[in-house]
Amino acid sequence: MKGFQFSYLIVEFIVDEYGLDSLNKLIRNPSDFNGIFQRSELELHEQWVEYVRNK
């Protein structure tokens with residue numbers, strides 16, 4: 001399945017931390033991490049990993 005069964009975790013994280021509007025923006029422009037989250041892709045990934053660890 002290549003990890004797709006866990007994709008809900010990133011969606012949950014984005015909605016919980018940044019709101020549904022940010023998720024919609026990411027869907028429309030998937031490479032604009034700085035514009036949407038004010039973080040680099042790496043910084044967002046690190047934040048997400050911490051979020052998952054604390055669940």
Side-chain angles (χ1 to χ4, degrees):
M1 301 230 8
K2 300 186 184 200
F4 294 114
Q5 68 271 33
F6 301 110
S7 61
Y8 74 92
L9 289 171
I10 188 72
V11 171
E12 179 183 280
F13 160 71
I14 291 170
V15 172
D16 283 355
E17 297 294 316
Y18 295 96
L20 189 57
D21 188 48
S22 293
L23 177 63
N24 287 328
K25 288 178 183 177
L26 182 64
I27 290 167
R28 289 171 184 18
N29 193 356
S31 62
D32 189 18
F33 294 97
N34 283 322
I36 299 167
F37 305 110
Q38 287 73 51
R39 302 179 179 282
S40 69
E41 183 177 358
L42 178 60
E43 290 170 325
L44 187 69
H45 178 264
E46 290 170 350
Q47 186 183 9
W48 175 50
V49 168
E50 195 62 33
Y51 175 88
V52 171
R53 282 186 181 147
N54 292 324
K55 274 199 94 39

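This chain uses plain numbering: 1 for the first residue, then up along the sequence. Small disclaimer: the values here were computed from a predicted structure and weren't measured.
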Handout entry: All pairs passing side chain to side chain donor-acceptor pair (under 3.5 Å) where residues 23-38 contributes a residue, at least two apart
Key = Asp21-Lys25
Problem - Hphob cluster co-occupancy, Leu42 + Leu44, side-chain heavy atoms under 4.5 angstrom - result: no
Exercise for the section: Check side chain to side chain contact (heavy atoms under 4.5 Å, CB included) between Glu43 and all other residues, then give those that pass, not counting sequence neighbours. Expected result: Arg39, Ser40
Counting only pairs under 3.5 Å, give me each side-chain donor-acceptor contact of residues 9-17, with atom names and distances, residues two or more places apart or in other chains.
unit_1 : atom_1 : unit_2 : atom_2 : d
Glu12  : OE2    : Tyr51  : OH     : 3.3
Glu12  : OE2    : Lys55  : NZ     : 2.9
Asp16  : OD2    : Tyr51  : OH     : 2.4

Exercise for the section: Could I get the full list of side chain to side chain contact (heavy atoms under 4.5 Å, CB included) partners for Glu50, not counting sequence neighbours? Expected result: Arg53, Asn54
Handout entry: Results of ring pair (Phe, Tyr, Trp, His ring centres under 6.0 Å) for Phe37 - residues two or more places apart only
Key = Tyr18
